[in-house]
Amino acid sequence: MAKGKLFIVGLGPGEARYLIPEASDALSEAEALYGYQPYLERIPAREGQARHPSDNREELVRAGAALAHAAGGARVAMVSGGDPGVFAMAAAVIEAIEAGPAEWRALDLVIVPGITAMLAVAAKCGAPLGHDFCAISLSDNLKPWEVIEKRLRLAAQAGFAMAFYNPVSKARPHQLDTAFDILRAELPVGVPVIFGRAVGRPDERMRVVPLGHARGHMADMATCIIVGSPETRLVERPGLPALVYTPRRAGDE
Ligand code: SAH
């Protein structure tokens with residue numbers, strides 16, 4: 001039996017030009033593709049390549065199905081938006097391997113990185129992540145909301161710029177406003193807040209507002225938010241959007 005192989009491939013934030021060449025190679029080599037339906041739709045169809053789309057909430061089930069398929073001898077690719085290791089499928093697959101049959105540990109596993117949303121958003125507006133930063137998912141599907149509140153407070157106190165993934169959902173419409181209120185208690189109201197929506201796609205939209213004006217309705221699930229540190233500032237330019245940047249040196253405490 002042919003030796004199976006599982007690629008976990010990052011598609012980047014949007015269009016194919018953001019794909020790294022190693023990801024394109026993996027997608028051509030795969031006999032079967034697994035992933036959330038909208039991500040699979042980004043990949044041009046290829047004859048003989050099977051597709052196994054799934055719902056966004058079934059990550060562990062999807063990971064197990066792809067692993068079982070690869071363990072049967074096939075070359076399988078699991079796709080993720082952005083980078084597969086950032087709030088995405090690589091950790092779900094490894095979680096399944098940790099709990100699964102011994103043969104899954106023997107599989108040839110290749111994780112192909114992609115451009116994660118915060119880096120695409122940062123590049124569109126300047127260099128807001130030019131100094132120390134952290135990334136926080138605001139979804140409370142996999143952790144209690146109290147943990148998120150604590151991390152927001154401590155990250156703000158520590159002087160990090162912050163990138164927020166999964167900022168809102170229908171199930172929790174008010175939490176992002178609560179998050180901004182927590183940050184306003186810790187940070188100057190002038191700190192720039194960047195809302196980068198659908199970056200790298202045709203409906204991309206960028207908006208920068210001071211923390212004092214940041215509101216939950218400015219984001220949806222396709223938005224990655226970057227909140228600056230107290231050092232983050234705007235460099236105005238004539239007839240062009242201001243550059244948002246965080247200087248490489250931090251001030252003395
Ligand atoms: N693995 C992905 C993140 C998955 S979590 C990555 O590395 O980018 C899903 C969240 O990612 C969304 O709620 C949003 O916050 C962010 N996101 C994904 N694609 C985006 C894009 N094109 N523009 C802005 N944010 C995006």
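What's counted below: heavy atoms across the whole structure, side chains too, no hydrogens, waters or symmetry copies. All ligand and atom numbering here is 1-based and tracks the order in the structure.
Which parts of ligand 1 touch C224 is read off a 4.0 Å heavy-atom cut-off, strictly below it: atoms 15 (O), 24 (C), 25 (N). Close approach of ligand 1 to F87 (heavy-atom distance below 4.0 Å) involves ligand atoms 4 (C), 5 (S). Of all atoms in ligand 1, listed by their number and element, those nearer than 4.0 Å to a heavy atom of P167 are 13 (O), 15 (O). Those atoms of ligand 1 that come under 4.0 Å of a heavy atom in T116, given as number and element, are 6 (C), 7 (O), 8 (O).
Within the model, atoms CD1 of I97 and CZ of R105 stand 8.5 Å from one another, a figure rounded to the nearest 0.5 Å. If you take CD1 on I136 and CZ on F87, they are separated by 8.0 Å, rounding to the nearest 0.5 Å. The distance from atom CD of E149 to atom CD of Q175, rounded to the nearest 0.5 Å, is 8.5 Å. Rounded to the nearest 0.5 Å, atoms CD1 (I43) and CD (Q49) are 7.5 Å apart. Note that the CG atom of L176 and the CE atom of M218 stand 10.0 Å from one another [nearest 0.5 Å].
Heavy atoms of G200 come nearer than 4.0 angstrom to ligand 1 in no pair at all. Remark: distances from the non-hydrogen atoms of S80 to ligand 1 are all 4.0 Å or more.
Residue F160 is tested with L129, D132, V227 for a side-chain contact (heavy atoms from CB on, under 4.5 Å); the sole match is D132.
Close N/O approach between M221 and ligand 1 is found [any backbone or side-chain N/O within under 3.5 Å]. Residue A117 has at least one nitrogen or oxygen atom sitting less than 3.5 Å from a nitrogen or oxygen atom of ligand 1, judged on distance alone.
In A198, the part holding a heavy atom less than 4.0 Å from any atom of ligand 1 is the backbone. Looking at R201 against ligand 1, only its side chain comes within 4.0 Å, counting heavy atoms. Only the backbone of A222 comes within contact range of ligand 1, with a heavy atom under 4.0 Å; no side-chain atom does. Heavy atoms of A88 found under 4.0 angstrom from ligand 1 belong exclusively to the side chain.
Protein heavy atom nearest atom 11 (O) of ligand 1, with residue, atom name and distance: Y165 CD2, 3.3 Å. The protein non-hydrogen atom at the shortest distance from atom 23 (N) of ligand 1 is V199 N, 3.0 Å.
Heavy-atom neighbours of R17 CZ from other residues, nucleotides or ligands within 6.0 Å: above the threshold of 12.
Note on R215 versus D177: no salt bridge recorded, every NZ/NE/NH1/NH2 to OD/OE distance being 4.0 Å or above. A salt bridge does not link R42 to E15: none of the charged nitrogens lies less than 4.0 Å from a carboxylate oxygen. Residues R249 and E231 are not paired through a salt bridge, judged by the lack of any N-O separation under 4.0 Å between the basic side chain and the carboxylate.
Nearest-residue assignment for atom 14 (C) of ligand 1 (options D203, T223, V86; heavy-atom criterion): T223. Among I225, D83, N166, the residue whose heavy atom lies closest to atom 10 (C) of ligand 1 is N166. With distances taken over non-hydrogen atoms, the option nearest atom 2 (C) of ligand 1 out of S139, P13, G81 is G81.
Classified by interplanar angle (parallel below 30°, tilted 30° to 60°, perpendicular above 60°), the ring pair Y34/H52 is parallel.
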